[in-house]
Amino acid sequence: MARYFTTEHEWIEVDGDSATIGITDHAQSQLGDLVFVEVPAAGTELLKGKEAGVVESVKAASDVYSPVSGTVTESNGTLEEDPSLVNSDAEGEGWFFRLTIADPAELDGLMDDAAYKEYVAGLD
Amino acid sequence: MTDRPTIDHPPATLPLDAWHRAAGARMVPFAGYAMPIQYPDGIIAEHEWTRSHAGLFDVSHMGQLTVSGAGAAAALEALLPADLQALAPGRMRYSLLLNDKGGVIDDLIVTNITEGEPTYFLVVNGATKVGDIAHLQARLPAEVALTPLPDLALLALQGPEAALVLDRLFPGIATELGFMEATSRMLGEVPVRIFRSGYTGEDGFELSLPAVDAVTLADRLMAEDEVRPIGLGARDSLRLEAGLPLYGHDLDTETDPVMAGLAFAITKARRADGGFPGAARITALLRDGAPMRRVGLVLEGRMAAREGSLVFAGEEQVGRVTSGGFSPTLGHPIALAFVDTAHIAPGTALFAEVRGKRLPATVVRPPFVPHRYHRKGEA
């Protein structure tokens, strides 16, 4: 299994042709207390870089993008009742959805953990 | 918060900049300043703390100025619809700087601080203060002095325990001042102007003092167990629950006081006599009603309707949201919106459009959370 990151602050954990996706701990800390999360339903066809869901903090709504194209197999329904799970465990229990990867070549160009840390450090 | 700085150069720093950073604040640009949007507790905890204890806000970005001289009241009355000649020393009024069409240039608080020569203290919005000062300078007669006070800081202490706390620093202040009353006291060697007012719907105070002494007062207040620092994020959710408009969002130069639900700011005597900018148009609106009115909307679920969301009655577009977000106190989203007057009765079922979805929204009369101001003569 390998974990990659996007410049839009999503993480994607790849296991064969399936993947789990969420937003990074950095993203949740920037957003602040989340009050609403919308995740895509199973069966939704997603395109790389296109809107996959929405997170809302007290102060703003932000889009969540899919790091790769694919078909959603499962979404984390717990987040609709308890969006604060993203604040407490963004890169674990606060995952958003799972999908079947349409084209593994789309993983090329995503950042690994070290590269993402460097990217975030450069944002301040 | 959708505000963006309107400047290209780096934001200015507040007198308490280092103090905020030491307290763990996340600083964001707002109204040209680097300001704390939240501290480590987060917006919801800060919001709830203010509703139950006492929150300390740094609002030093706001503009503070005085207008003084023998003709100050009459000169200000030519620019504001407040009855300043009837405003006694130590009394405060919410008012509006109006343009000649009756549009709102800014909303502000004016306090009569006269001790000898007639003097009025104005607190205006941070994002509009430069324009306000230019407008006042261009319109006030030469014999009336306008004095910007950029070397003053402004702190706000808000919440049900604010009076208890401030009375320890300034004994007797809790009983001396009622809502919208002001006085001056010394904190050691430091002169502090104290206003019983705020932007949260709670009882509370705003404290104006020399910027160089702001850290001393902030530390003194933070030494009290009831006090925690509160950022701009909770300031916005608190004022929204209180139904208080935010200039640049719920109010602008295209908005008149009647549609904005601020007709109370046009004092009775001024309605009869006019003589303020846009008086003819505003008098007509007061008589005939405005085609749209500001209302509150209460939404179900957790998805918020925010500024710019369109409001529908069935298929007909009847309004737009000017501020909206999640209400921590109520546990669901709320919004302020301008809506056609045919659809403003409390209880009217409307829809707010968010990302292509129509969310059920019920009209209410703000505030969403009752005000708890301390009015003299009430318990």
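Between B:E46 and B:R235, none of the side-chain N atoms (NZ, or NE/NH1/NH2) sits under 4.0 Å from a carboxylate O, so this pair counts as no salt bridge. Electrostatic pairing of B:E307 and B:R320 does not count as a salt bridge here, judged by no charged N lying under 4.0 Å from a carboxylate O.
Of the listed residues (B:T255, B:L251, B:D250), just one forms a side chain to side chain contact (heavy atoms under 4.5 Å, CB included) with B:T322, and that residue is B:D250.
Contact annotation for B:A234: neither backbone nor side-chain heavy atoms come within less than 4.5 Å of a heavy atom of chain A. Using a 4.5 Å cut-off between heavy atoms, A:E38 contacts chain B through its side chain alone, with no backbone atom that close. Only the side chain of A:V54 comes within less than 4.5 Å of a heavy atom of chain B; its backbone N, CA, C and O stay farther away.
By the 6.0 Å contact criterion, CG on A:D108 is enclosed, its count of non-hydrogen atoms from other residues, nucleotides or ligands being greater than 12.
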